[in-house]
Amino acid sequence: MMMVCTSVPHESAPLHVTGRAPYTDDIPEPAGTLHAALGLSPLAHGRLISIDLERLRAQPGVVAVLTADDVPAENNIGPLAHDDPILAHGELRYLGQPVFAVIATTRDAARRAAALAPQVIQAEALPARLNALEAHAAGEYVVPPMHLARGDATGALARAPLRLQGEWQLGGQEQFYLEGQISFAMPQEGGTALLLHCSTQHPSEMQQLVAHALGWGSHRISVQCRRMGGGFGGKESQSAAFACVASIAALRLGHPVKLRVDRDDDFLITGRRHPFHYRWDVGFDADGRILAAEVDLISNAGHSADLSAPVMARALCHFDNAYWLPNLSLHGYSARTHTQSNTAFRGFGGPQGALAIEMILDSVARRLRLDPLLVRERNFYAQGQDITPYGQRVQELHAQSLAKRLSYSSHYAERRAEIAAFNARSPVLKRGIAFTPVKFGISFNVAFLNQAGALVHVYADGSVLVNHGGTEMGQGINTKVAQVVAHELGVPLSSVRCSATDTAKVANTSATAASTGADLNGKAAQAAAQVIKARLTSLASEKLGSARVSFVNGVVHGNGRNMPFSELVRLAYLRRIQLWSDGFYTTPGLSWDKDKLQGHPFYYYAWGGAVVEAVVDTLTGETRILQADLLHDVGASLNPAIDIGQIEGGFVQGLGWLTSEELVWDTQGRLRTHAPSTYKIPTANDCPPVLKVELFGAANSADTIHRSKAVGEPPLLLAFAGLLAIKDACAACGPIGCDPPLTAPATPEAVLRAIDSVAV
Ligand code: MTE
Ligand code: MOS
């Protein structure tokens, strides 16, 4: 039986659905466990004068209060630039910044004391910059501006027969992992070592940052994560503040310390998807072919660099999406503001880059009164026009066939005609339809991060334990890696298990991010399994008397005879043959010049396409997605059921970003939308009543694990078609050729504004 390319259930499915899957907060608390809570800055910008520690220490249940002065070594959680303090020191940089930590006997006592922050923090308010455009005007950036150029954009713009300019804004997005940020630190060996349970996509970085904060070698700290209740990029770098505070407190007090953040505090403390603002200038011909574009992309990075530089780099490298853009000049500015530090979120800047060209193409099509699908097709990468602005050749040109297949299967043309007829007779409800493609580069832009390790143990009874550097956040990496190992060793999936990610097992791991988890760790685990299989094969050949042996479903065959895999393993053990191995994988052929933004940053591309239909109530601005037809490229899927789940989840999460999830800060810099009461993520009810998902089906032309493709992030971009369908419906309120200035998220207010400005 094939173990890969099979829809086996997620390894934790029964535990998930019965509520028995243990998350970090479910780990039994040893006697003496203390709880931490964070006191947050009440100001968006200020100079810290003092903290009334005596008052905090006098609160019921409080055991200790920690400030920046209690950080034993480096007070930093900045993953790239060392510019982000664990606890505020001197300057208050955003409203919600952790200033002190209260450690108490119960979580409730800790939170009650921490809530006194506005009373106990004495600070001088300073002018706060809350707006990214103001920061841009003042030249305030967290990293130097980045430029990606090809050809002669200025000249080609001047020569273009037609030209359009515009400005557009796109909101941020909260990761809203259902399990909030949490760390549980347990001193070991009389306080000379530390075990940290942390809900994180990046155990190795937590290990390093905690080590730096403590002034320890990494070998004294092990970080474990069995599973997360979602990460979505929010637990790449931003689990560090909680990891560091819990660790410092645990070692200081000699007790286990747990820090589980309340949802509202999680919103106030951590950053999210970068909001972007665009200023664009595009030149094109009468057929809608793009000749040149110059675009400023201004992101709101928040108060520190965090991952803003690589997020902007990915935005710039995804601006082309599926299109050949001969002359291009992109400028990326990561503006510094006094808000939470923005970070990774599914797509990592890619969506913010690609959506910009989709909005521009939509405006071009409306200006020319052409079907936007036709304009898109005319601009697709094609033979001879297949080099990206950053110099990489696009090996597979799937956009054409995706668009063709999808427009046929979704009846795009018929439905467009039918929608026009509906709109002509419907004064209040207006419908719209849109197609958008996706081309998403797979690999970390930074070449060295594309490495992974795994350990495979075959026990003497023939059962198999796998440990790899990836983390499980619901996306099914452990299921896929177990499938790969079961396939390699020819054993049933039931005899393979993946254990918790642990920095004490596989060292120096990369974040489970950039959708590369299964690609990298699957290959590493395969390599480990192959080493063991080679050793077992020699023994099997000898025992079965055949040079050719095969391992199938727990039985080893050769020479017309066979023996159970477990029997072979037992004999191997008695022969003193090593039954476990490590495996290591690095993605081949990558190069990247991060100053020039040129090279071959991606091993391959994942493709997709969506046709989405929406209806708008023009009196209230409310919208509904009526139907979505998704066609997505996962190569030869390792597990179609899991991949379809990722496509559906990514799409609906993208719809939430672009329609209902609105972040509002008041003039004081206080995030007003910091709970589900005010911040609206999509629910099951927001899932379109007709949602069809099809897998594209072509094997990956790159040599990935069983020719599969990464699936974690790319499907989020399929939701672009939802936003553009809503825009299309708004356009039905105005004259032919009008271009409604719909911003994202397309909340009812945004929809009404767009309609008002085009309605006749
Ligand atoms: N799926 C679930 N259920 N939960 C998550 O947190 N994170 C997404 C995606 N799918 C996420 C998810 C993000 S941001 C990434 S980068 C990938 O999963 C990471 O996992 P992978 O590399 O194994 O696909
Ligand atoms: Mo995903 S944003 O790369 O964690």
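Numbering of ligands and ligand atoms starts at 1, following listing order.
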Inset, instruction - Apply side chain to side chain contact (heavy atoms under 4.5 Å, CB included) to the pair Phe276 and Ile298, showing each step before the final yes or no. - result: CA-CA 6 Å; Phe276 268 60; Ile298 302 145; over 6 Å; no
Legend entry - Pair Ser308-Ser334, side chain to side chain donor-acceptor pair (under 3.5 Å): steps then yes or no: CA-CA 7 Å; Ser308 295; Ser334 306; 5.4 Å; no
Inset, instruction - Verify side chain to side chain contact (heavy atoms under 4.5 Å, CB included) between Gln340 and Leu671, making sure each step is shown before the conclusion. - result: CA-CA 9 Å; Gln340 292 82 3; Leu671 179 62; 4.2 Å; yes
Inset, instruction - Decide yes or no on ring pair (Phe, Tyr, Trp, His ring centres under 6.0 Å) for Phe602 and Tyr390, but give the supporting numbers first. - result: CA-CA 11 Å; Phe602 304 121; Tyr390 46 89; 5.8 Å; yes
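Rounding to the nearest 0.5 angstrom, the gap separating the CD atom in Gln224 from the OG atom in Ser499 is 9.0 Å.
Contacts between Thr516 and ligand 1, counted as non-hydrogen atom pairs separated by less than 4.0 Å, involve the backbone only. When heavy-atom distances to ligand 1 are checked against a 4.0 Å cut-off, Gln646 comes that close only through its side chain, counted from C-beta outward. Counting heavy atoms closer than 4.0 Å to ligand 1, residue Met228 contributes nothing at all. With a heavy-atom cut-off of 4.0 Å, Ala514 touches ligand 2 through its backbone alone.
Taking 4.0 Å as the cut-off between side-chain N and carboxylate O, Glu396 and Lys709 count as a salt-bridged pair. A salt bridge links Glu174 with Arg272: at least one charged nitrogen is closer than 4.0 Å to a carboxylate oxygen.
Pairing each heavy atom of Ala524 with each of Ala452, the nearest pair is CB-O, 3.6 Å. Closest approach of Asp519 and Ala710 over heavy atoms only: OD1-N, 3.8 Å. When all heavy atoms of Val456 and Ala529 are compared, the closest pair comes out as CG2-N, 4.2 Å. Closest approach of Ala81 and Asn76 over heavy atoms only: O-OD1, 4.2 Å. Considering every non-hydrogen atom in both Thr673 and Tyr679, the closest pair reads O-CB, 3.9 Å.
Nearest protein heavy-atom contact of atom 15 (C) of ligand 1 is Glu713 CG, 4.0 Å. With hydrogens left out, the protein atom closest to atom 3 (N) of ligand 1 is Gly474 C, 3.4 Å, a heavy atom. At the shortest separation from atom 2 (S) of ligand 2 among protein heavy atoms lies Arg346 N, 3.0 Å. Remark: minimum distance from atom 1 (Mo) of ligand 2 to any protein heavy atom is reached at Glu713 OE2, 3.5 Å. Here the heavy atom of the protein found nearest to atom 5 (C) of ligand 1 is Phe232 CE2, 3.2 Å. Closest to atom 22 (O) of ligand 1 among all protein heavy atoms lies Gly517 N, 2.7 Å.
Residue Ser515 approaches ligand 1 through these ligand atoms, each under 4.0 Å from one of its heavy atoms: 16 (S), 22 (O), 24 (O). Atoms of ligand 1 lying under 4.0 Å from at least one heavy atom of Ala514, given by number and element, are 16 (S). Listed by number with element, the atoms of ligand 2 under 4.0 Å from a non-hydrogen atom of Glu236 are 1 (Mo), 2 (S), 3 (O), 4 (O). The ligand atoms of ligand 1 that sit less than 4.0 angstrom from a heavy atom of Ala518 are 23 (O). Taking every non-hydrogen atom of Phe345 and a distance limit under 4.0 Å, the qualifying atoms of ligand 2 come out as 2 (S). Here is the list of ligand 2 atoms found below 4.0 Å of a heavy atom in Gln201: 4 (O). The distance from ligand 2 to the heavy atoms of Gly233 drops below 4.0 Å at these ligand atoms: 2 (S), 4 (O). Applying the 4.0 Å criterion to heavy atoms of Gly231 picks out, from ligand 1, the atoms 5 (C), 6 (O). Per-residue contacts place Gly233 under 4.0 angstrom from the following atoms of ligand 1 (heavy atoms of the residue considered): 14 (S). Those atoms of ligand 1 that come under 4.0 Å of a heavy atom in Gly230, given as number and element, are 6 (O). Remark: ligand 2 atoms within the under-4.0 Å shell around heavy atoms of Ala344 are 2 (S).
Taking all heavy atoms of Arg346, Glu236, Lys235, Gln175 into account, the minimum distance to atom 8 (C) of ligand 1 is reached by Arg346. Considering Gly649, Pro714, Gly712, Ala511 only, the shortest heavy-atom separation from atom 18 (O) of ligand 1 involves Gly712.
Checked against the 6.0 Å centroid threshold, Phe232 and Phe176 do not count as a close aromatic pair. Ring-centre distance between His632 and Phe696: not below the 6.0 Å cut-off.
Within the structure, the closest approach of Gly470 to ligand 1 does not fall below 4.0 Å when heavy atoms are considered. Within the 4.0 Å heavy-atom cutoff, Ala710 does not count among the residues contacting ligand 1. The closest approach between any non-hydrogen atom of Ala513 and ligand 1 is below 4.0 Å.
An N or O contact shorter than 3.5 Å is missing between Gly347 and ligand 1 by distance. Residue Ser515 places no N or O, backbone or side chain, under 3.5 Å from any N or O of ligand 2. Between Met473 and ligand 1, at least one pair of N/O atoms sits closer than 3.5 Å. Between Gln475 and ligand 1, at least one N/O pair is under 3.5 Å apart.
The aromatic rings of Phe440 and His318 sit tilted, their planes meeting at an angle between 30° and 60°.
In this structure the side chain of Pro682 never reaches within 4.5 angstrom of the side chain of Thr659, judged on heavy atoms.
No more than 12 heavy atoms of other residues, nucleotides or ligands shown are found within 6.0 angstrom of CG on Asn508.
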